[in-house]
Amino acid sequence: MEKSRLIERFKNRTAYVGVVGLGYVGLPFALEAAQAGFRVLGIERNPERVAKINRGENYIDDIRDEELLEVVQKGLLKADTGYDKVPELDAIVIAVPTPLDKNLVPDLRYVRLVTEELSKRLRKGQLISLESTTYPGTTEEVMQPILEQSGLRAEEDFYLAHSPERVDPGNKRWQTKNTAKVVGGVGPRSLEVAKAFYEQIIETVVPVSSARVAEMVKVYENTFRAVNIALVNELALLCDRMGLNVWEVLDAAFTKPFGIMPFYPGPGVGGHCIPLDPHYLEWKAREYNFRTRFIGLAGEINRTMPYFVREKAWRVLNRVGKAPSRSKILVLGLAYKADISDWRESPAIEVIKLLRGDGAEVLYHDPYIPVFKEEGLDLQSVELTDDLLQSVDLVIITTPHSNVDYARVVDLARQVLDTRNATKAVPNREEKVVLL
Ligand SMILES: NC(=O)c1ccc[n+]([C@@H]2O[C@H](COP(=O)([O-])OP(=O)(O)OC[C@H]3O[C@@H](n4cnc5c(N)ncnc54)[C@H](O)[C@@H]3O)[C@@H](O)[C@H]2O)c1
């Protein structure tokens, strides 16, 4: 009875939707839900973010400012730092961070904390869906027991599901609404309810038989990328020894119309999905006395890339008789990938730290990150003036932002180490540009 009433509330939009954690994942989803006609409450621990949302101010790159303002002005989206309104909510989506600790062990403290808050206020007939990336078993083994401390039972009194978020920040083609959404429940009733919920908001919903399968889907997807990037990074290291241009090899390889998929080397991997998430699976596999060798190896290779960039920078400086400790280097791009401002786990940070450790004077330019006071660094993005470009001994391109004029950089700089092949279209670049 509760179940069909809840599904009916989803269909006729009378359901009140909660989204816990208004970050890269939570805010775009909250916006989609509001645009689908639901009244949405964002629960966010950061009071500055809450104040911004309630003023209709956007802080996530992928969201169009006017779209957010519109749903706030219509009263469809509000934010709060507290959990008092939880009993009023019909569906609650959780999109809080799932980091790793220093020893690459999953840190589920945010998921636990939120689940405890929800458990204290849980009522019959609510749907709870975890969207944070995690190892298979989290929803059932970690969340369900906490929620059942309320005295209510999953499947009978409330519904519990996992639906991994696949958003690709900066991707203009594939966004929250048109990226197929995998959904798995802790039982068939939870699946039915969660599927009905997401179908109102996302174009394509892919039901799977359990929450564990849904969790595994997401970590597999991220592992697939980590492993393939590691493979091309390893190829880049070998091509360097063999005197081959890895980019030429790859461009030719990717003309094959089947059986291959483009992945490119770079200074390392950043963001959360690729460097961190696969280790969630690696950790869980140990419980089954299983070693996920590909994950360990991919992480190892990808983490060596900043060191390779440093070594190659030394070689480039050595050609002109410059010692690293007497050189001035401009790192071009701090974000972990093009055209976004997210610097989490960005390999450019590691490159900067390594070069500074060698005594070099290191500056950075990133059109999306004007200041950087994190990770023990205190830096300001410098302007790309003619004087600056001419005065540095080396420019290292670490992020291929599309709003940088690479022809000008190559023209003015003395030497360029391009770790992303961002200068591909610059004519006669061979004189000054060294590729990864
Ligand atoms: N960013 C991506 O590209 C991406 C893509 C797919 C999946 N994911 C996964 O989605 C999850 C969220 O990632 P994100 O990138 O949106 O993180 P984020 O850091 O951008 O956002 C998380 C938000 O949750 C808030 N928060 C933390 N603890 C809270 C609490 N106890 N109560 C309320 N709010 C709380 C934070 O203040 C922050 O605003 C992670 O598991 C991540 O791995 C991220």
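Numbering of residues begins at 1 and proceeds along the displayed sequence.
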Is the closest side-chain donor-acceptor distance between [X] and [Y] under 3.5 Å?
| X | Y | result |
| --- | --- | --- |
| R166 | T179 | no |
| K322 | S327 | no |
| S381 | D366 | no |
| T139 | E215 | yes |
| Q390 | R414 | no |

Examine distances only and state if a side-chain atom of [X] and a backbone atom of [Y] form a donor-acceptor pair shorter than 3.5 Å.
| X | Y | answer |
| --- | --- | --- |
| D80 | E44 | no |
| N228 | F263 | no |
| Y280 | T98 | yes |
| D277 | I274 | no |
| Q200 | A196 | yes |
| T398 | G333 | yes |
| E140 | A211 | no |
| E383 | T385 | no |
| K177 | E32 | no |
| K432 | D411 | yes |

How close do [X] and [Y] get, counting heavy atoms only, and between which atoms?
| X | Y | result |
| --- | --- | --- |
| Y24 | I60 | N-CD1, 3.7 Å |
| D251 | T255 | O-CG2, 3.4 Å |
| P267 | P347 | O-CB, 3.3 Å |
| A348 | V331 | CB-CG1, 4.4 Å |

Sidechain N-carboxylate O distance under 4.0 Å for [X], [Y]:
| X | Y | result |
| --- | --- | --- |
| D386 | R408 | yes |
| K52 | E48 | no |
| E361 | R356 | no |
| K312 | D240 | yes |
| K424 | D418 | no |
| K284 | E141 | yes |

When you compare the side chain of [Y] with that of [X], does any pair of heavy atoms fall below 4.5 Å?
| X | Y | value |
| --- | --- | --- |
| L330 | I396 | no |
| M305 | E234 | no |
| I329 | L317 | yes |
| L379 | K373 | no |
| L41 | K85 | yes |
| V142 | T115 | no |
| L388 | L384 | yes |
| L435 | N421 | yes |

[options] screened by side chain to side chain contact (heavy atoms under 4.5 Å, CB included) with [X], the one that passes:
| X | options | answer |
| --- | --- | --- |
| Y198 | V193, V183, V206 | V183 |
| I94 | V19, I43, L118 | L118 |
| V416 | L332, L389, I397 | I397 |
| P265 | N302, L237, T419, L250 | L250 |

**OP:** Report the C-alpha distance between Y135 and W283 in whole Å, list the side-chain angles of each, state the deciding distance to 0.1 Å, and finish with yes or no for ring pair (Phe, Tyr, Trp, His ring centres under 6.0 Å).
**Re:** CA-CA 8 Å; Y135 58 77; W283 178 84; 5.1 Å; yes
Spatial distance of atom [atom1] ([X]) from atom [atom2] ([Y]) [nearest 0.5 Å]:
| X | Y | atom1 | atom2 | result |
| --- | --- | --- | --- | --- |
| E66 | L69 | CD | CG | 8.5 Å |
| F29 | S163 | CZ | OG | 7.5 Å |
| L417 | L436 | CG | CG | 7.0 Å |
| L77 | N54 | CG | CG | 8.0 Å |
| K218 | L281 | NZ | CG | 13.5 Å |
| E345 | Y336 | CD | OH | 10.5 Å |

**OP:** Test salt bridge (Lys or Arg N to Asp or Glu O under 4.0 Å) on E221 and R225 and set out the steps.
**Re:** CA-CA 7 Å; E221 290 167 2; R225 288 180 56 72; over 6 Å; no
**OP:** Just do the salt bridge (Lys or Arg N to Asp or Glu O under 4.0 Å) check on R112 and E116 with the steps written out, would you?
**Re:** CA-CA 6 Å; R112 280 209 179 84; E116 281 159 12; 5.9 Å; no
Subject >> Intermediate values then yes/no, salt bridge (Lys or Arg N to Asp or Glu O under 4.0 Å), K195 and E199 >> reply: CA-CA 6 Å; K195 182 171 170 285; E199 275 172 352; 2.9 Å; yes
**OP:** Any chance you could lay out the salt bridge (Lys or Arg N to Asp or Glu O under 4.0 Å) test for K337 and D168, step after step, and finish with the verdict?
**Re:** CA-CA 11 Å; K337 69 173 186 173; D168 178 21; 2.4 Å; yes
**OP:** Could you go through the side chain to side chain contact (heavy atoms under 4.5 Å, CB included) check for L68 and I53 one step at a time?
**Re:** CA-CA 8 Å; L68 185 83; I53 294 298; 4.2 Å; yes
Subject >> Aromatic contact, W343 with F372 (centres under 6.0 Å) >> reply: yes
Subject >> Check: F224 ring centroid to F294 ring centroid under 6.0 Å >> reply: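 For F224 and F294, the ring centres are not under 6.0 Å apart.
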**OP:** Dump the intermediate steps for side chain to side chain contact (heavy atoms under 4.5 Å, CB included) on H401 and Y368, then the final yes or no.
**Re:** CA-CA 9 Å; H401 288 310; Y368 295 91; 3.4 Å; yes
Subject >> Step-by-step side chain to side chain contact (heavy atoms under 4.5 Å, CB included) determination, V105 to L100 >> reply: CA-CA 5 Å; V105 172; L100 288 170; 5.9 Å; no
Original post:
Any idea how Y264 and W247 line up, ring-wise: parallel (<30°), tilted (30 to 60°), or perpendicular (>60°)?
Top reply: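 Parallel: the ring planes of Y264 and W247 meet at under 30°.
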Original post:
With under 30° as parallel and over 60° as perpendicular, where do the rings of F10 and F197 fit, or are they tilted in between?
Top reply: tilted
